[in-house]
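Here's the structure we're looking at; comments come further down.
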Amino acid sequence: MTYRAIKGTKDILPAETARWQHVEQTVRSVFHRYNYREIRTPVFEQTSLFARSIGELTDIVGKEMYTFADRSGDSITLRPEGTASVMRSYIQNNLAQDQPLTKVYYIGPMFRQERPQAGRLRQFHQFGAEATGSPTPETDAEIIALAIDIYRALGITQWSLQINSVGDEECRPRYKELLRAELRKVADRLSPESQKRLEQNPMRVLDSKDENDRALTAGMPLINDHLNEACAAHFGRVKELLTSYGIPFTVNGRLVRGLDYYTKTAFEITSSELGSQDALAGGGRYDLLVQELGGKPTPSVGFAAGMERLMMILEKKGFAAPEPRPRLFLAAADAPARDWVLAKTMELRSRGVAAETDLLGRSLKSQMKEADRQGAAFVLVVGAAELAAGRGVLKNLSDHSSVEVALDDLHHSV
RNA sequence: GUGGCCAUAGUUCAGUUGGUUAGAACGCCAGGUUGUGGCCCUGGAGGUCGUGGGUUCAAAUCCCACUGGUCACCCCA
């Protein structure tokens with residue numbers, strides 16, 4: 001084997017594309033149900049767009065981006081997530097002018113240069129939605145409900161929703177100082193990773209998976225106990241709405257998302273059906289991002305979900321999407337019938353019938369086996385005798401029955 | 001970036017303390033039935049045993065390096 005797909009990339013083969021298409025269709029139909037419209041942005045952007053929106057200190061920007069210089073020397077990056085591009089497009093195309101609230105969704109490949117493992121690829125696929133222009137908790141709740149509805153529509157029941165509020169530009173800095181002061185008291189005993197975060201992003205220390213860190217920070221103040229009035233009211237309303245929508249959730253005061261731009265609501269949907277990488281979707285509110293990118297202050301909420309992890313669950317559940325199959329397979333019993341069979345196949349196709357025939361000049365037995373393998377509903381064997389009589393025997397491959405039909409109006413018989 | 005495990009037909013795997021032409025199942029092709037699929041029977045094609053080096057009379061088997069895969073850490077979808 002000479003060429004292989006690049007590490008961390010995968011071919012989605014014909015045997016699996018039916019499942020992908022089914023998921024894509026289901027996802028789209030739920031988005032449309034919620035009145036979100038599709039947006040398609042380029043898969044690469046100026047590097048600084050991602051650096052600025054995701055945050056210079058995040059792992060994504062610090063060590064995971066596919067960044068390269070193009071031929072003119074500009075620094076280009078393959079998108080590691082969708083929100084930054086969508087917001088760039090929102091500002092560039094002035095989408096705000098059409099209506100006060102813009103609801104869009106996207107679906108497509110993302111790229112991060114990490115070590116691959118179960119549920120993590122270098123090129124992976126996400127779908128997500130952004131509701132831009134609304135500060136209301138009703139919008140947060142809609143985004144979360146939308147994500148949950150997609151899993152429900154796909155028959156995925158083993159998920160759990162965790163939510164938190166990470167505060168805003170007024171109460172978060174105040175809380176961070178409080179937390180930092182607490183953390184300093186145990187700083188020398190924290191893991192090296194957490195010591196680094198103490199100054200840069202102390203909230204991430206609470207999110208550490210290190211057991212010792214967790215023990216040390218066990219009793220420390222949590223952000224959602226130190227929200228200002230506006231954030232607390234917003235968070236309360238989101239929880240109230242989720243409850244009224246019948247969506248179960250747990251509040252996790254230590255939940256901090258990996259991207260810098262979140263404010264107020266942050267949430268994560270995980271599945272116990274997955275391995276170590278168990279996050280199905282994540283999202284939250286990002287009221288400061290649009291202005292950070294040069295637009296007018298525009299409050300927004302959104303989420304992103306991984307397609308491969310969804311596929312892993314569906315595959316594990318043995319979910320099989322229906323495959324396209326030929327309606328009729330036309331088999332030639334002898335050489336003179338081949339031309340007629342080819343012409344008839346083309347005619348049926350032009351009439352909208354999924355018709356298939358042999359292109360390899362194979363024996364009749366082989367053609368029959370092929371028709372069976374393809375899952376064709378019917379097979380018609382045509383030879384000199386049938387051509388002379390103008391009639392043939394149409395065989396139903398699933399119930400083994402046969403009927404005699406006129407060759408001229410075959411399309412009425414299948 | 002760090003660590004564990006793994007690498008033999010297209011696929012899933014067997015291959016004894018190192019020993020002669022490396023096997024099975026499934027899949028693929030052909031025939032059994034000179035014009036009818038699925039089951040069955042017969043036959044066939046298909047492998048530089050991941051790559052390179054070393055030990056040995058002898059290596060798929062032991063050792064080293066590399067490459068690839070996989071899982072986990074970090075982090076995330």
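Chain letters run A, B, ... following the sequence lines, proteins first, then strands; residues in each count from 1.
Look at R204(A) and you'll find a side-chain N or O under 4.0 angstrom from OP1 or OP2 of C76(B). Taking 4.0 angstrom as the limit, R115(A) places none of its side-chain polar atoms (N or O) nearer than this to OP1 or OP2 of G3(B). The phosphate of C74(B) (OP1 or OP2) has no side-chain N or O of R197(A) nearer than 4.0 angstrom. Contact between the side-chain N/O atoms of S366(A) and the OP1/OP2 oxygens of A30(B) is found at a separation under 4.0 Å. For S276(A) and C71(B), the shortest distance from a side-chain N or O to OP1 or OP2 is not below 4.0 Å. Distances shown here put a side-chain N or O of K7(A) below 4.0 Å from the OP1 or OP2 atom of G69(B).
Between G10(B) and C28(B), the distance separating the two P atoms is 15 Å to the nearest Å. Annotation: U12(B) and G69(B) have their P atoms spaced 15 Å apart (nearest Å). C49(B) and A60(B): their P atoms are spaced 7 Å apart (whole Å). Nucleotides U17(B) and C63(B) place their P atoms 14 Å apart, quoted to the nearest Å. Distance check on atom P: A14(B) versus G68(B) gives 25 Å, rounded to whole Å. Rounded to whole Å, the separation between the P atoms of G3(B) and C64(B) comes to 16 Å. Look at the C1' atom in both A59(B) and G18(B): the space between them is 6 Å, to the nearest Å. Nucleotides U42(B) and C26(B) place their P atoms 11 Å apart, quoted to the nearest Å.
Comparing atom distances between the A118(A) side chain and each of A30(B), A72(B), G38(B) picks out A72(B) as nearest. Comparing atom distances between the K63(A) side chain and each of U36(B), C74(B), C29(B) picks out C74(B) as nearest. The side chain of D372(A) sits closest to G37(B) out of C76(B), G37(B), A30(B). When distances are taken from the side chain of K369(A) to each of C76(B), C29(B), G37(B), the shortest belongs to G37(B). Counting only heavy atoms from C-beta on, R4(A) has its side chain closest to G68(B) among G35(B), C74(B), G68(B). Checking C75(B), G31(B), C29(B) against every side-chain atom of S363(A), the shortest atom distance belongs to G31(B). Closest to the side chain of R373(A), from the set C29(B), G69(B), C74(B), is C29(B).
Nucleotide U36(B): unpaired (no Watson-Crick or G-U wobble partner with both distances less than 3.5 Å). A72(B) is paired with U2(B) under the Watson-Crick or G-U wobble criterion, all donor-acceptor distances under 3.5 Å. Nucleotide C62(B) forms a Watson-Crick or G-U wobble pair with G54(B), both donor-acceptor distances falling under 3.5 Å.
Heavy atoms of other residues, nucleotides or ligands lying less than 6.0 angstrom from CZ of R152(A) number more than 12.
Along RNA chain B, the nucleotide closest to D399(A) and the one closest to I269(A) are compared, and the more 5′ of them pairs with D399(A). Across the interface with RNA chain B, nearest-nucleotide mapping of D278(A) and G275(A) shows G275(A) to be the residue nearer the 5′ end.
Between the side chain of Q113(A) and the base of G1(B), no donor-acceptor pair of N or O atoms lies under 3.5 Å. You won't find any donor-acceptor pair under 3.5 Å spanning the side chain of E81(A) and the base of C76(B), going by distance alone. Between the side chain of K395(A) and the base of G37(B) there is at least one donor-acceptor pair of N/O atoms closer than 3.5 Å. The base of C76(B) lies outside donor-acceptor range of the side chain of R112(A), with no N or O pair under 3.5 Å. Side-chain to base pairing of R309(A) with C76(B): one donor and one acceptor N or O lie within less than 3.5 Å of each other. Counting atom types as modelled, Q117(A) pairs a side-chain N or O with a base atom of C74(B) as donor and acceptor under 3.5 Å.
The cationic atom of K103(A) (NZ for Lys, CZ for Arg) does not lie both less than 6.0 Å from the six-membered ring centre of Y105(A) and within 45° of the ring axis.
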*Go through the steps for S75(A) and T67(A) under the test side-chain contact (heavy atoms from CB on, under 4.5 Å), then give the verdict.*
CA-CA 7 Å; S75(A) 183; T67(A) 297; 3.4 Å; yes

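When heavy atoms are screened at a 4.0 angstrom cut-off, L121(A) is found touching base atoms of the nucleic acid.
Remark: side-chain polar atoms of Q291(A) are not paired, donor with acceptor, to backbone N or O of L288(A) under 3.5 angstrom.
G15(B) takes the anti form, because its glycosidic angle lies more than 90° either side of 0.
Here CZ of F329(A) is found 8.5 Å from OG1 of T345(A). Values are rounded to the nearest 0.5 Å.
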